[in-house]
Amino acid sequence: AQKITQTQPGMFVQEKEAVTLDCTYDTSDPSYGLFWYKQPSSGEMIFLIYQGSYDQQNATEGRYSLNFQKARKSANLVISASQLGDSAMYFCAMASMNRDDKIIFGKGTRLHILP
Amino acid sequence: GEEVAQTPKHLVRGEGQKAKLYCAPIKGHSYVFWYQQVLKNEFKFLISFQNENVFDETGMPKERFSAKCLPNSPCSLEIQATKLEDSAVYFCASSDGGGHGGLSYNEQFFGPGTRLTVL
């Protein structure tokens with residue numbers, strides 16, 4: 001069965017510091033995708049970044065990068081130079097590429113950026 | 001449209017009443033997914049459609065939940081005889097492909113959600 005584990009329920013980080021949000025996953029599928037979503041207090045789900053299981057390079061999108069370590073089954077999100085607007089809930093997620101692409105979510109990490 | 005639309009934004013029902021939620025996927029997207037988010041953290045997949053056909057309904061509590069995606073109509077998720085534990089935000093997402101047989105990913109675009117409160 002597929003599973004996503006986020007072990008940090010909450011984090012406090014000083015503004016402008018980098019932050020790493022942990023995510024480990026479990027799957028028996030050879031082809032899968034890993035994602036991070038941001039959910040601010042307003043509730044909408046904002047797609048941040050995607051990493052395919054066969055991608056050789058770590059994905060980057062602006063200040064977001066995904067530290068993909070396939071052997072360890074980890075897909076940590078790194079946010080560089082954090083901003084107050086980064087305060088939100090962050091969900092790590094996974095979808096198999098060989099099935100119907102339903103997304104399996106972790107339980108989330110609430111990130112608080114301190115001024 | 002260019003965004004997934006969900007109506008209503010908020011829905012309040014007494015226990016035992018029916019609730020019906022609507023989702024209009026992005027134009028041209030053939031896949032629709034429904035997710036339930038309880039208590040602001042746990043997401044649960046409910047059901048997915050490929051056009052009007054049910055694709056995966058492994059997450060649906062079938063005794064009270066039903067869903068449809070009919071041609072030229074918004075998709076709908078209906079809960080008969082709501083229970084307190086059905087209180088959640090229901091998200092609809094759409095994508096333009098299922099990603100089968102390849103290594104590509106078809107991003108799911110999420111709607112703003114419908115907050116259902118069962119009293």
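All values derive from a computational prediction rather than experimental measurement.
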Under 4.5 Å heavy-atom distance to chain B, tell me which part of [X] shows up: side chain, backbone, both or neither.
{"X": "A:T109", "value": "neither"}
{"X": "A:M89", "value": "side chain"}
{"X": "A:F91", "value": "side chain"}

Please determine whether residues [X] and [Y] belong to a single hydrophobic cluster, defined as Ile, Leu, Val, Met, Phe, Trp and Tyr linked transitively by side-chain heavy-atom distances below 4.5 Å.
{"X": "A:Y37", "Y": "A:L21", "answer": "no"}
{"X": "A:Y90", "Y": "A:I4", "answer": "yes"}
{"X": "B:L39", "Y": "A:M45", "answer": "no"}
{"X": "B:Y90", "Y": "B:L11", "answer": "yes"}

Worksheet item: At a heavy-atom separation under 4.5 Å, does B:F91 approach chain A through its side chain, its backbone, both, or neither?
Response: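 Answer is side chain: those atoms of B:F91 sit under 4.5 Å from chain A.
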Worksheet entry | Distance in Å, A:Q39 CD paired with B:Q37 CD, rounded so as to fall on 0.5 Å steps |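 So the gap between those two atoms works out to 4.0 Å.
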Worksheet item: Between CZ of B:F110 and CD of A:E44, what distance do you get to the nearest 0.5 Å?
Response: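 Atom-to-atom, B:F110:CZ and A:E44:CD are 12.5 Å apart.
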Worksheet entry | Over 12 non-hydrogen atoms of neighbours within 6.0 angstrom of CZ in B:R64 |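 Atom CZ in B:R64 is packed in, count exceeds 12.
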Discussion item. Which label fits B:F43 and A:F105: parallel for a plane angle under 30°, tilted from 30 to 60°, or perpendicular past 60°?
Written reply: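 Parallel.
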Worksheet entry | B:Y35 vs A:I103 side-chain heavy atoms within contact, under 4.5 Å |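 B:Y35 vs A:I103: side chains touch.
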Worksheet entry | side-chain contact (heavy atoms from CB on, under 4.5 Å) partners for B:C69, two or more places apart |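 Listed in chain order: B:V32, B:F49, B:C75.
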